[in-house]
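Single-structure report; data block below.
Residue numbers begin at 1 in each chain, while the letters A, B, ... track the order of the sequences.
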Number of protein chains: 2
Amino acid sequence: MLDNRKKRILQAIIEEYIQTAEPVSSGMLSKKYDLNISSATIRNDMAELEYANFLDKPHTSSGRVPSGKGYRYYVNELLKDNNITKQEMQYIKLKLEQKVNEIEDLTKIATSTLSELTHYTSLAIGGTAISHNIEDIKFVLLGNRVLMAVILTDGGLIKETIIKFNADITEEQVRNINQIFNANLRGKSLAKIDKPMEEYIVSEMSYELQIIKPIIEQINEAILQNDDIYLEGTNRIFEMPEFKSYETARNFLNVIDTKGLVKELLNTGQGEEIHISIGDENQYIELKNLSLITFKNIVEGKEMGTIGIIGPTRMDYSKVVSIIKYMLKELND
Amino acid sequence: MLDNRKKRILQAIIEEYIQTAEPVSSGMLSKKYDLNISSATIRNDMAELEYANFLDKPHTSSGRVPSGKGYRYYVNELLKDNNITKQEMQYIKLKLEQKVNEIEDLTKIATSTLSELTHYTSLAIGGTAISHNIEDIKFVLLGNRVLMAVILTDGGLIKETIIKFNADITEEQVRNINQIFNANLRGKSLAKIDKPMEEYIVSEMSYELQIIKPIIEQINEAILQNDDIYLEGTNRIFEMPEFKSYETARNFLNVIDTKGLVKELLNTGQGEEIHISIGDENQYIELKNLSLITFKNIVEGKEMGTIGIIGPTRMDYSKVVSIIKYMLKELND
DNA sequence: TTTAGCACTCTTGTTATCTGACTGCTAACG
DNA sequence: CGTTAGCAGTCAGATAACAAGAGTGCTAAA
């Protein structure tokens with residue numbers, strides 16, 4: 001589709017623009033980059049790239065700026081994903097080797113490390129336990145009418161939840177519940193504790209319905225629940241010239257501050273390993289000038305959370321993707 | 001110190017400035033407020049108020065702006081704390097009556113409600129359990145080397161923590177631990193589980209030191225721990241003209257984004273019910289143009305967390321204090 | 001096909017000017 | 001003696017005119 005020279009020019013423009021945030025001119029390119037062609041030739045190619053919608057022009061006599069289509073082409077065809085330094089690798093290793101008590105802390109560490117290295121805002125949401133299997137499930141009576149359920153999954157996730165009753169629960173009953181649930185559920189997939197499973201348990205377990213039922217409901221909720229949004233480096237946007245304008249900064253903060261929106265953003269992009277969504281591609285207009293890169297932190301097939309990077313469309317995709325790929329590799333050790 | 005007319009003028013200037021964020025002029029005051037004096041007289045008084053440092057003047061021919069000392073005088077002497085509408089009361093009631101499973105959720109709800117009603121950014125940190133007494137303490141074995149301790153306090157706080165061991169723990173041992181800890185600690189104040197208590201337990205409990213010791217350490221940490229910072233309404237700053245400038249917005253976001261700083265801010269102001277810190281009064285230069293109002297959410301003598309409101313020095317102190325006072329009353333029901 | 005050269009365009013920064021909103025001061029007033 | 005009308009003086013902010021500079025598109029030659 002694009003000849004080699006045009007590809008090189010497009011790549012140079014995008015990389016230059018990512019660095020400087022200024023429209024890129026033909027003269028600049030021919031001087032700074034070793035393309036061995038004159039600015040006039042570059043101008044001709046730029047005109048064609050603009051005609052083909054890979055580039056935009058803020059006004060008649062200005063340099064060129066990559067368009068959404070341009071970025072997409074760059075990400076799909078030209079992106080190098082080994083753009084990572086020794087120091088960065090070491091830093092990631094260092095951070096991820098920290099001792100953590102709960103697996104969710106690892107997601108937090110990964111998120112903050114990502115923000116530190118890329119200088120973009122990063123966000124994360126804890127994983128649901130749905131892809132995990134139950135390894136152990138324990139019930140603890142707190143007071144007389146409050147029961148706490150602690151679920152340990154084979155992925156190492158620990159989910160606690162609290163169930164309140166209207167009547168007193170005896171230690172005897174707790175022992176029964178403990179036994180029944182473990183006998184029936186240990187080793188089973190959590191994905192199955194839903195309606196049909198509930199019926200199964202209720203019928204199989206042959207234990208007082210008014211106790212079993214609220215427990216199952218609450219556990220179900222705890223499994224699906226991933227409400228804790230983790231945000232790191234919100235103030236990083238002030239390092240970037242596109243957010244010097246009041247409107248863009250405001251818009252960005254609005255997106256970040258809307259918890260429901262952040263949750264949805266992190267929960268899209270199911271299939272792929274790393275999901276990149278550039279400006280207009282995003283389904284929310286609020287994000288039309290922003291790009292979002294998300295990936296699931298999957299360790300040994302178990303989902304541990306979703307992490308994302310959000311920044312201007314002029315994002316250093318190469319750096320971000322390189323760092324994420326390395327991090328994913330390290331997380332799996 | 002100030003005669004009545006000067007007080008009225010100062011109050012009018014502050015309230016006008018809080019509303020408009022524009023320097024207040026003498027002509028404006030004599031027209032809009034029913035002071036029954038001419039603008040010339042107001043000008044004379046304003047000059048004296050400025051000389052006494054209650055007011056500042058951005059430049060020679062501009063109106064007046066309250067100084068830090070002015071706001072302080074207003075807060076101490078002129079502030080009305082019943083500046084709350086029926087609707088606001090109802091809204092607070094409605095929000096606080098929601099069923100919550102954990103007491104900490106109540107702090108979150110209070111925080112977000114506060115931000116919604118005042119239109120300022122609000123922040124909160126969960127309470128340490130230090131002022132509470134132990135009501136129940138349970139240990140749960142998760143896997144072979146992971147022990148979870150769940151502590152229930154008389155204030156209704158539930159603190160969980162995880163202890164990892166290098167050797168396997170038997171169910172037998174867990175039963176022992178359960179018994180020992182409950183026998184020794186139930187009803188005791190959590191403030192006492194520190195070094196001397198540790199020695200006491202170790203000597204009294206006469207149980208394997210290599211098991212007891214890490215448990216006590218970890219529990220101690222869990223009691224003191226209040227790391228979860230809760231932030232609501234960060235984007236609210238964009239509603240306020242003082243943050244239209246890049247620098248002020250950036251500074252604000254930097255403060256908010258620095259978790260350590262936020263923690264410290266919320267942990268100052270011990271004694272009073274409601275602690276107000278205006279601009280310069282604050283010990284951090286980053287906050288010199290900001291005001292902070294904090295209060296501890298104390299229910300029946302037990303600390304449940306600290307909540308704060310942060311905004312420009314031109315904050316609607318009257319409204320914020322009124323709402324907080326009402327909220328505190330409701331929280332205690 | 002590539003390139004040098006040049007006219008044309010448009011943004012950005014600078015300076016000058018004008019307008020309007022205030023204040024401070026003076027002198028008159030009750 | 002406190003209060004007020006009147007007026008000169010000050011300064012921020014808006015507007016316009018202008019100059020400089022960066023870049024493009026096009027033409028014609030290599």
Please give, in whole Å, the distance from [N] [atom2] to [X] [atom1]?
X: E50(A); N: dT24(D); atom1: CD; atom2: C1'; value: 10 Å
X: H59(B); N: dG24(C); atom1: NE2; atom2: C1'; value: 15 Å
X: D3(B); N: dG2(D); atom1: CG; atom2: P; value: 11 Å
X: M28(B); N: dG20(C); atom1: CE; atom2: C1'; value: 16 Å
X: L55(B); N: dG24(C); atom1: CG; atom2: P; value: 11 Å
X: E22(B); N: dC11(D); atom1: CD; atom2: P; value: 19 Å
X: K32(B); N: dA21(C); atom1: NZ; atom2: P; value: 16 Å
X: I13(A); N: dT24(D); atom1: CD1; atom2: C1'; value: 13 Å

Could you pick out which residue, V24(A) or P58(B), lies toward the 5' side of DNA chain D when each is mapped onto its nearest nucleotide?
P58(B)
Atom pair CD/CG of E286(B) and N254(B) - distance to nearest 0.5 Å
8.5 Å
OH of Y73(A) to CD1 of I278(A), rounded to nearest 0.5 Å, is 13.5 Å
Just to confirm, is there a sub-4.0 Å distance from OP1 or OP2 of [N] to any side-chain nitrogen or oxygen of [X]?
X: S26(B); N: dT23(C); value: yes
X: K57(A); N: dG25(D); value: yes
X: S61(B); N: dC11(D); value: no
X: T60(B); N: dC11(D); value: yes

NZ or CZ of K259(B) within 45° of Y230(A) ring axis and under 6.0 Å:
yes
Side chains of S112(A) and S115(A): donor-acceptor distance under 3.5 Å anywhere?
no
Tell me which residues in residues 34-47 of chain B put a heavy atom below 4.0 Å from DNA chain C, sorted by number, or none.
R43(B), M46(B)
Do the rings of F238(B) and Y246(A) sit parallel, tilted or perpendicular, given the 30° and 60° boundaries?
perpendicular
Between R236(B) and E239(B) (salt bridge meaning N to carboxylate O under 4.0 Å), is one present in this structure?
yes
Give a yes or no on whether a salt bridge exists between E22(A) and R314(A), defined as a side-chain N under 4.0 angstrom from a carboxylate O.
no
